[in-house]
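Below you'll find the structure, written out as structure tokens, and then a few comments.
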Amino acid sequence: MYKLLACCSMASGISLQPKMVQASLGVQKQGNGHCTNVPRNVNLEKLQNNYLFPEISKRELQHLDKYPSAKVISLGIGDTTEPIPEKISLSMANYAHALSTAEGYRGYGAEQGNQVLRKAIAETFYKNVLIRDQEVFVSDGSQCDISRLQLLLGSKVTIAVQDPSFPAYIDSSVIIGQAGDFQDKTGKYQNIVYMQCGPENNFFPDLTTTPRTDIIFFCSPNNPTGHAATRKQLQQLVEFARDNGSIIIFDSAYAAYITDDSPKSIFEIPGAKEVAIEISSFSKFAGFTGVRLGWTVVPEELLFSSGFPVINDFNRIVCTCFNGASNIAQAGGLACLSSEGFQRNRTTECLLENSQAICSVIDYYKENTKILVNTFASLGLKAYGGVNAPYVWVHFPGLKSWNVFSEILEKTHIITVPGSGFGPGGAEYIRVSAFGQRERIMEASWRLEKLISNEKALFNSVENKE
């Protein structure tokens with residue numbers, strides 16, 4: 001097949017490229033630079049539109065251009081809003097100041113993370129499941145670790161994701177070459193198994209009909225639905241992985257929000273060390289979304305089919321691709337987990353000084369979720385989540401999520417997130433974040449109540465197109 005480039009001497013932009021390649025030409029034509037002979041990564045050409053959250057930010061800016069005086073309330077991107085507890089901030093400030101002294105200066109640290117912090121993470125979050133400090137890899141956030149794990153796994157593995165799920169699992173799979181072609185009719189990638197997780201199955205997939213894959217991405221509490229898997233559900237998942245020789249990548253970034261007896265770690269389930277990797281983060285419990293600090297646990301018992309330890313290869317990936325998390329951020333992490341740091345007992349009561357400050361912020365966000373859930377419930381809408389997670393998952397039956405997003409933004413100046421951005425299972429939903437100052441949550445609830453109660457016909461007549 002002949003292929004003409006849409007740049008260089010082709011001023012007219014005429015092309016005989018296949019449809020998939022043509023979809024990328026709009027981006028190529030925007031540049032005025034010199035075209036090289038290096039082809040674009042074909043996997044990147046398969047991505048659908050922009051990554052979800054930058055797209056939300058772009059639409060927010062467009063809305064502000066249209067309504068420059070609007071008081072926009074963002075309940076969209078899950079960014080924390082409350083201050084980091086002072087003692088934790090001071091620990092980072094003191095470390096940064098010490099760098100200006102000969103005695104306090106430090107350069108590169110270990111790629112795997114500060115050994116004291118690795119031990120603190122193991123003892124704070126995994127003491128009862130016997131995770132070793134050498135199995136903990138400190139990072140600059142769990143989203144970065146998703147991509148490092150994809151590099152570890154390579155393009156030949158098969159994957160399954162919850163539907164709906166955090167979009168980075170799917171997009172990173174597309175980029176690495178696992179996903180295959182996008183199917184317009186289904187809204188799914190050809191080689192990805194989408195495990196339906198909705199209210200009809202208690203937000204847990206029917207594993208009896210789920211085909212075997214090499215990798216299972218699973219997030220609990222789930223982003224976006226807010227559902228925390230029960231112990232029985234996770235036992236089924238671990239048994240399913242063991243029976244099929246699969247590896248679970250378990251995302252526990254929101255575990256600190258669990259208030260019932262749902263497991264906070266996959267490693268609470270017997271046998272999980274032989275089939276699971278866990279990623280987590282300081283972002284949502286300590287307010288480190290801008291500080292950037294997370295971790296990944298790779299048990300020594302986890303082996304590839306050849307018998308080679310997965311942890312050895314992940315260590316090589318980390319050492320090759322990463323110079324370690326910021327020493328300043330790690331100082332903050334240590335303060336969170338110090339003897340005055342983050343700990344909770346089984347009744348979720350905070351035990352020590354810094355933990356009281358951290359837990360009070362978590363409880364603040366959880367109170368926000370109650371306000372939002374009650375608002376939607378009073379309007380006759382089904383709202384899920386909000387118990388073990390800072391997100392509310394709201395159902396608008398028969399409507400398309402991007403249209404609901406647009407109507408709410410246009411009429412109330414409130415940013416939400418369209419559920420279809422998390423997969424086809426979110427087509428009739430929006431995700432509403434509880435991260436926000438209380439007065440803004442109250443104001444948003446009032447605006448939403450006014451809109452939906454007074455203009456129900458509007459939502460019944462939204463054009464049913466994405």
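As the structure is a computational prediction, the values presented were derived from the model and not from experiment.
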(request) Using atom types as modelled and distance alone, determine if a side-chain donor or acceptor of D206 lies under 3.5 Å from a backbone N or O of N201. (result) no

(request) Would you indicate whether Y108, at its atom OH, is surrounded by more than 12 heavy atoms from other residues, nucleotides or ligands within a distance under 6.0 Å? (result) no

(message) Please confirm whether the ring centroid of F217 lies under 6.0 Å from the ring centroid of F166.
(response) no

(request) Give the intermediate values and the outcome of side-chain contact (heavy atoms from CB on, under 4.5 Å) for residues I216 and I249. (result) CA-CA 6 Å; I216 303 168; I249 297 179; over 6 Å; no

(request) Could you tell me whether R148 and D145 have a side-chain N and a carboxylate O separated by less than 4.0 Å? (result) yes

(request) Taking all non-hydrogen atoms of both residues into account, name the closest pair between I362 and A256 and its distance. (result) CD1-CB, 3.8 Å

(message) Within a 6.0 Å radius of atom CD on E86, are there more than 12 heavy atoms belonging to other residues, nucleotides or ligands?
(response) no

(request) Using modelled atom types only, decide if a donor and an acceptor are shared between the side chain of D251 and the backbone of C219 within a distance under 3.5 Å. (result) no

(message) To the closest 0.5 Å, what do you measure between CG (N41) and CD1 (I175)?
(response) 8.0 Å

(message) Does R118 qualify as a cation-pi partner of F137, given the criterion of NZ or CZ under 6.0 Å from the six-membered ring centre and within 45 degrees of its axis?
(response) yes

(request) Check for a donor-acceptor pair, side chain of Q112 on one end and backbone N or O of N315 on the other, with a separation under 3.5 Å. (result) no

(request) Check whether any side-chain heavy atom of T296 sits under 4.5 Å from a side-chain heavy atom of V298, and report yes or no. (result) yes

(request) Decide yes or no for P167 and F53: does some side-chain heavy atom of the first lie under 4.5 Å from some side-chain heavy atom of the second? (result) yes

(message) Between T213 (side chain only) and I159 (backbone N and O only), is there a donor and an acceptor less than 3.5 Å apart?
(response) no

(message) Measuring from atom NZ of K46 to atom OG of S173, what distance do you get when rounded to the nearest 0.5 angstrom?
(response) 12.5 Å

(request) Run the salt-bridge test on D261 and R231 with the 4.0 Å N-O cut-off and return the result as yes or no. (result) no

(request) Cation-pi check, R431 to F422: give yes when NZ or CZ is under 6.0 Å from the six-membered ring centre and within 45° of the ring axis, no otherwise. (result) no

(message) In the structure I gave you, are the side-chain heavy atoms of I414 and R447 within less than 4.5 Å of one another anywhere?
(response) yes

(message) I'd like to check I441 versus L75 (side-chain heavy atoms, cut-off strictly below 4.5 Å). Are they in contact?
(response) yes

(message) Can you pull out every side-chain hydrogen bond (donor to acceptor under 3.5 Å, both in side chains) where at least one residue sits in residues 369-381? Sequence neighbours excluded, please.
(response) T375-S445

(request) Considering only NZ, NE, NH1 and NH2 on the basic side and carboxylate oxygens on the acidic side, decide whether R132 and E301 come within less than 4.0 Å. (result) yes

(request) Specify the closest pair of heavy atoms between L117 and G333, including all atoms of both residues, with the distance to one decimal. (result) CD1-C, 3.8 Å

(request) Evaluate the criterion side-chain hydrogen bond (donor to acceptor under 3.5 Å, both in side chains) for residue pair Y254 and K284; output intermediate values, then yes/no. (result) CA-CA 7 Å; Y254 298 93; K284 303 307 166 78; 2.8 Å; yes

(message) Can you tell me how the ring of Y429 sits relative to the ring of W393, calling it parallel under 30°, perpendicular over 60° and tilted otherwise?
(response) parallel

(request) Considering non-hydrogen atoms only, spot the tightest contact between V291 and A329 and give its length. (result) CG1-CB, 3.6 Å

(request) For T230 and Q233, indicate whether the former's side chain and the latter's backbone hold a donor-acceptor pair under 3.5 Å. (result) yes

(request) Measure from the ring center of F285 to the ring center of Y257 and say whether it is less than 6.0 Å. (result) no

(message) Checking side chain to side chain contact (heavy atoms under 4.5 Å, CB included) between E300 and each of I311, V310, N312, which is the one that passes?
(response) I311

(message) So does T158 get a backbone contact from the side chain of D214, meaning a donor-acceptor N/O pair under 3.5 Å?
(response) yes

(message) Under the criterion side-chain hydrogen bond (donor to acceptor under 3.5 Å, both in side chains), I'd like the reasoning laid out for H413 against E60: C-alpha separation, chi angles, the key distance, then a yes or no.
(response) CA-CA 9 Å; H413 307 304; E60 180 179 359; over 6 Å; no

(request) Begin with the C-alpha distance, continue with both residues' side-chain angles, and end with the deciding distance and a verdict on ring-ring contact (aromatic ring centres under 6.0 Å, His included) for F267 and F250. (result) CA-CA 10 Å; F267 300 122; F250 189 81; 8.1 Å; no

(request) Say whether, by atom type as modelled, one donor and one acceptor occur between the side chain of E111 and the main chain of G109 under 3.5 angstrom. (result) no

(request) Return the orientation label for the F182 and Y189 ring planes: parallel under 30°, perpendicular over 60°, tilted otherwise. (result) perpendicular

(request) For the residue pair Y194 and I170, establish whether any side-chain heavy-atom pair is separated by less than 4.5 Å. (result) yes

(message) Is there a salt bridge (Lys or Arg N to Asp or Glu O under 4.0 Å) between E55 and K58? Walk through the geometry before answering.
(response) CA-CA 5 Å; E55 178 65 23; K58 184 181 79 172; 3.4 Å; yes

(message) Assess whether a salt bridge exists between K264 and E268, defined as any Lys/Arg side-chain N lying under 4.0 Å from an Asp/Glu carboxylate O.
(response) no

(message) I need the L409 CG to W402 CH2 distance, nearest 0.5 Å.
(response) 10.5 Å

(request) For this output row, return yes or no: ring centroids of W295 and F282 closer than 6.0 angstrom. (result) yes

(message) I'd like to know if the side chain of S220 reaches the main chain of A229, judged simply by a donor and an acceptor atom lying under 3.5 Å from each other, with no hydrogens or angles considered.
(response) yes

(message) For K188, is there an ion pair with D181 - N to carboxylate O distance below 4.0 angstrom?
(response) no

(message) Please tell me whether N244 and S246 have a donor and an acceptor in their side chains that are separated by less than 3.5 angstrom.
(response) no

(message) Would you say T81 and Q437 are linked by a side-chain donor-acceptor pair, where the criterion is simply a distance under 3.5 Å?
(response) no

(message) Looking only at the side chains, is there a donor atom on one of E135 and Y126 sitting less than 3.5 Å from an acceptor on the other?
(response) no

(message) Does either side chain, that of E428 or that of S401, offer a donor lying less than 3.5 Å from an acceptor on the other one?
(response) no

(message) Could you check whether atom CZ of R212 has more than 12 heavy atoms from other residues, nucleotides or ligands sitting under 6.0 Å from it?
(response) yes

(request) Answer whether the closest heavy-atom distance between the side chains of S283 and Q143 falls below 4.5 Å. (result) no

(request) Return the minimal non-hydrogen interatomic distance between V138 and Q330, and the atom names on each side. (result) CG1-OE1, 3.8 Å

(request) State, without any angle test, whether S280 and S252 hold a side-chain donor-acceptor pair at a distance under 3.5 Å. (result) yes

(request) Would you name the heavy atoms of A383 and V392 that are closest together and state the gap between them? (result) CB-CG1, 3.7 Å

(message) Distance alone, cut at 3.5 Å: any donor-acceptor contact between the side chains of Q150 and Q178?
(response) yes

(request) In plain terms, say whether R242 and E239 are close enough for a salt bridge, that is, a side-chain N and a carboxylate O under 4.0 Å apart. (result) no

(request) Would you indicate whether the side-chain heavy atoms of R438 and I371 approach each other to under 4.5 Å? (result) yes

(message) Does any part of the side chain of I277, heavy atoms only, come nearer than 4.5 Å to the side chain of V297, both counted from C-beta?
(response) no

(request) Evaluate the side-chain hydrogen bond (donor to acceptor under 3.5 Å, both in side chains) criterion for residues T225 and N222: first the C-alpha distance (whole Å), next the side-chain angles of each, then the deciding distance (0.1 Å), finally the verdict. (result) CA-CA 6 Å; T225 68; N222 178 265; 2.9 Å; yes

(request) Look only at the side chain of N388 and the backbone of T259, and say whether a donor-acceptor pair between them is shorter than 3.5 Å. (result) yes

(request) Taking K273 for its side chain and V129 for its backbone only, find out whether a donor-acceptor pair lies under 3.5 Å. (result) yes

(request) Give the C-alpha distance, both sets of side-chain angles, the deciding distance and a yes or no for side-chain hydrogen bond (donor to acceptor under 3.5 Å, both in side chains) between Q115 and D133. (result) CA-CA 8 Å; Q115 187 59 42; D133 56 323; 2.3 Å; yes

(message) Give me the atom names and distance for the closest heavy-atom approach of A434 to N368.
(response) O-ND2, 3.0 Å

